Amino acid sequence: MEVTPEIRENIRAIANERDELANQLNDPDVLADHRRVRDLSIKKAALDPVADGWHRFIALEQEAADLRAVIKAAEDPELTEMARAELPEIESQAAELIDQLLADLVTSDDRAIASVMLELRAGVGGDEAGIWAADLLSMYEKLARRRGWTIETLSADTDDSVEGLRSATINIKGEAVFSDLAHEAGTHCVKRVPATETQGRVHTSTATVAVLPEPEEVEVTIDPADVDEHITTAQGPGGQNVNKVATAVHLIHKPTGVEVRMQETKSQAQNREKAWRLLRARVFEIEREKARAAEAAARNQQIGTAGRAERIRTYRYKDSIAVDHRINESFPLQQVLAGEMDALIESLRANFIAETLAQ
């Protein structure tokens, strides 16, 4: 693929950003903050492939230019012949490297996001939909443990009578967490005989997943004057108060209409902190979607926004497979549910890269 001036400028900017992150990681003040070191290290690791690949590509370009100069000069027949023999291999290496470099460029922003808010909601299917939502939550928790990510439950509305889940929001932190989970957003269908089914009939139930990158406070600024905050007592599934002390936090972002309720802990301060984190993530995602829509309108096509509300995957228990409808590929069901999702994630990422480069 041709390396246009725009691509060169983008890659140079990434290489400069990587170098700036490296400088910050050598700053004694930064090194004293373990959380800051972790976040900067993850961002730097996401940019390393692009920056390092670019330096190798520039070196290969220079080597190819030197060989062409030798061939053009034709001053030494033996040296000229050696240059003619070496040039195709150098050009081939450069072509392969630029393909990989462009793929890394497409995913570098996503790989740099080290924290996400993952929201699950039971869909159609009654009690079975709640059980299915709980199964999906377990799947992502297992994946997180395999990847060494950290998990924090922000809220969970459970149905203990059937061990189901009406809704839940969890925060997952770790290297490449958004890059790996971004394609999980959408509707997940399950076809199986529910535990609540007495006649052995197969039911279809759904649960929805949303994956929101958690921005740093410096990346999204919300004016407190734009937010209505209400402090109430925590409520149970039927609306009854379950706590006499007002600790639940309800935030309403007036410009966007986004609402967040948090009552997971008995501490008003902790609920407020979690509510603001989730609010920032939701508002940040709205701004990301606006930017994507603007880009799509500029070239008359959608990029990265289609299919969020559509069925993305069906888990067929009878056939023991999970079918991802975006790539028309099947994966072993029990492996996927056990969090062994590497092959699935890589196929989705490869499809995303190919589509983005084509567009």
Side-chain angles (χ1 to χ4, degrees), residues 39 42-43 46 106-123 132-156 165 167-189 206-216 219-220 256 258 260 274 277-293 302-313 315 322 324-327 336-337 339 341-342 344-353 355-356:
D39 292 344
I42 290 175
K43 287 186 176 182
V106 167
T107 59
S108 62
D109 285 345
D110 287 352
R111 290 198 313 272
I113 298 173
S115 180
V116 301
M117 299 293 188
L118 191 146
E119 299 182 316
L120 298 102
R121 295 186 182 279
W132 174 233
D135 290 343
L136 284 177
L137 176 58
S138 175
M139 178 181 78
Y140 293 124
E141 288 174 339
K142 291 171 182 175
L143 171 65
R145 286 194 290 270
R146 291 183 68 250
R147 294 291 173 93
W149 297 335
T150 60
I151 308 172
E152 177 188 9
T153 300
L154 300 183
S155 66
L165 186 70
S167 64
T169 301
I170 61 174
N171 175 228
I172 308 178
K173 295 181 184 289
E175 186 172 343
V177 63
F178 183 65
S179 176
D180 286 354
L181 292 179
H183 306 295
E184 292 301 300
T187 299
H188 296 244
C189 299
T206 67
T208 59
V209 175
V211 182
L212 312 177
E214 182 183 14
E216 295 183 10
E219 293 178 308
V220 55
T256 61
V258 171
V260 171
K274 290 181 179 180
R277 285 172 57 194
L278 183 54
L279 181 66
R280 279 194 294 269
R282 288 181 177 174
V283 172
F284 183 60
E285 179 65 5
I286 288 174
E287 294 304 318
R288 280 167 52 88
E289 291 295 342
K290 285 181 180 178
R292 290 194 189 104
Q302 290 285 321
I303 293 181
T305 58
R308 288 233 167 181
E310 298 175 357
R311 181 184 61 170
I312 63 167
R313 194 174 303 143
Y315 303 73
D324 195 286
H325 304 295
R326 296 161 295 181
I327 53 178
V336 172
L337 293 177
M341 302 171 66
D342 293 3
L344 170 59
I345 290 170
E346 287 306 318
S347 291
L348 288 168
R349 182 183 290 115
N351 181 68
F352 169 72
I353 290 171
E355 288 185 346
T356 303

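What you are looking at is a predicted structure, and each value in this text was computed from that prediction instead of being measured. Counting begins at 1 with the first residue of the sequence.
Between the CD1 atom of I312 and the CG atom of L348 there is a distance of 8.0 Å, given to the nearest 0.5 Å. Interatomic distance, L137 CG to L118 CG, rounded to the nearest 0.5 Å: 8.0 Å. Distance check: H188 NE2 to L136 CG gives 6.0 Å after rounding to the nearest 0.5 Å. With values rounded to the nearest 0.5 angstrom, W149 atom CH2 is found 4.5 Å from D180 atom CG. How far CD1 of I172 is from CG of L143: 7.5 Å, rounded to the nearest 0.5 Å. Distance check: D324 CG to R311 CZ gives 10.5 Å after rounding to the nearest 0.5 Å.
Counting heavy atoms from C-beta on, the side chains of M117 and E285 never come closer than 4.5 Å. Considering only heavy atoms from C-beta on, H183 stays 4.5 Å or farther from L344 through its side chain. Contact annotation: the side chain of Y140 approaches that of V209 to within less than 4.5 Å [non-hydrogen atoms, C-beta and beyond]. Between R282 and L212 there is a side-chain heavy-atom pair separated by less than 4.5 Å.
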Task: side chain to side chain contact (heavy atoms under 4.5 Å, CB included) between Y315 and D135, worked out - done: CA-CA 11 Å; Y315 303 73; D135 290 343; over 6 Å; no
Task: Working for salt bridge (Lys or Arg N to Asp or Glu O under 4.0 Å), residues R349 and E346 - done: CA-CA 5 Å; R349 182 183 290 115; E346 287 306 318; 2.5 Å; yes
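A salt bridge is defined here as a Lys NZ or Arg NE, NH1 or NH2 lying under 4.0 Å from an Asp or Glu carboxylate O, and D342 with R147 meets this definition. Checked for salt-bridge contact, E214 and K173 meet the test: a charged N lies under 4.0 Å from a carboxylate O. Salt bridge absent: R326 and E355 never bring a charged side-chain N and a carboxylate O closer than 4.0 Å.
The minimum heavy-atom distance linking G174 with I42 is given by the pair C-CD1, 4.0 Å. Contact between A112 and K43 at its shortest, heavy atoms only, is O-CG, 3.6 Å. Smallest separation of non-hydrogen atoms from L120 and A133: CD2-O, 3.9 Å. Contact detail for V211 and L181: the closest heavy-atom pair is CG2-O, 3.4 Å. Across every non-hydrogen atom of A210 and A185, the tightest pair is CA-CB, 4.5 Å. Shown here for L165 and A134, the closest heavy-atom pair between the two residues is CB-N, 3.9 Å.
Within a 6.0 Å radius of CZ in R121, no more than 12 heavy atoms belonging to other residues, nucleotides or ligands are found.
In this structure a side-chain-to-backbone donor-acceptor pair under 3.5 Å is missing from N171 to T153.
For the side chain to side chain contact (heavy atoms under 4.5 Å, CB included) with K142, the qualifying choice from R145, R146, M139 is R145, the only one to do so.
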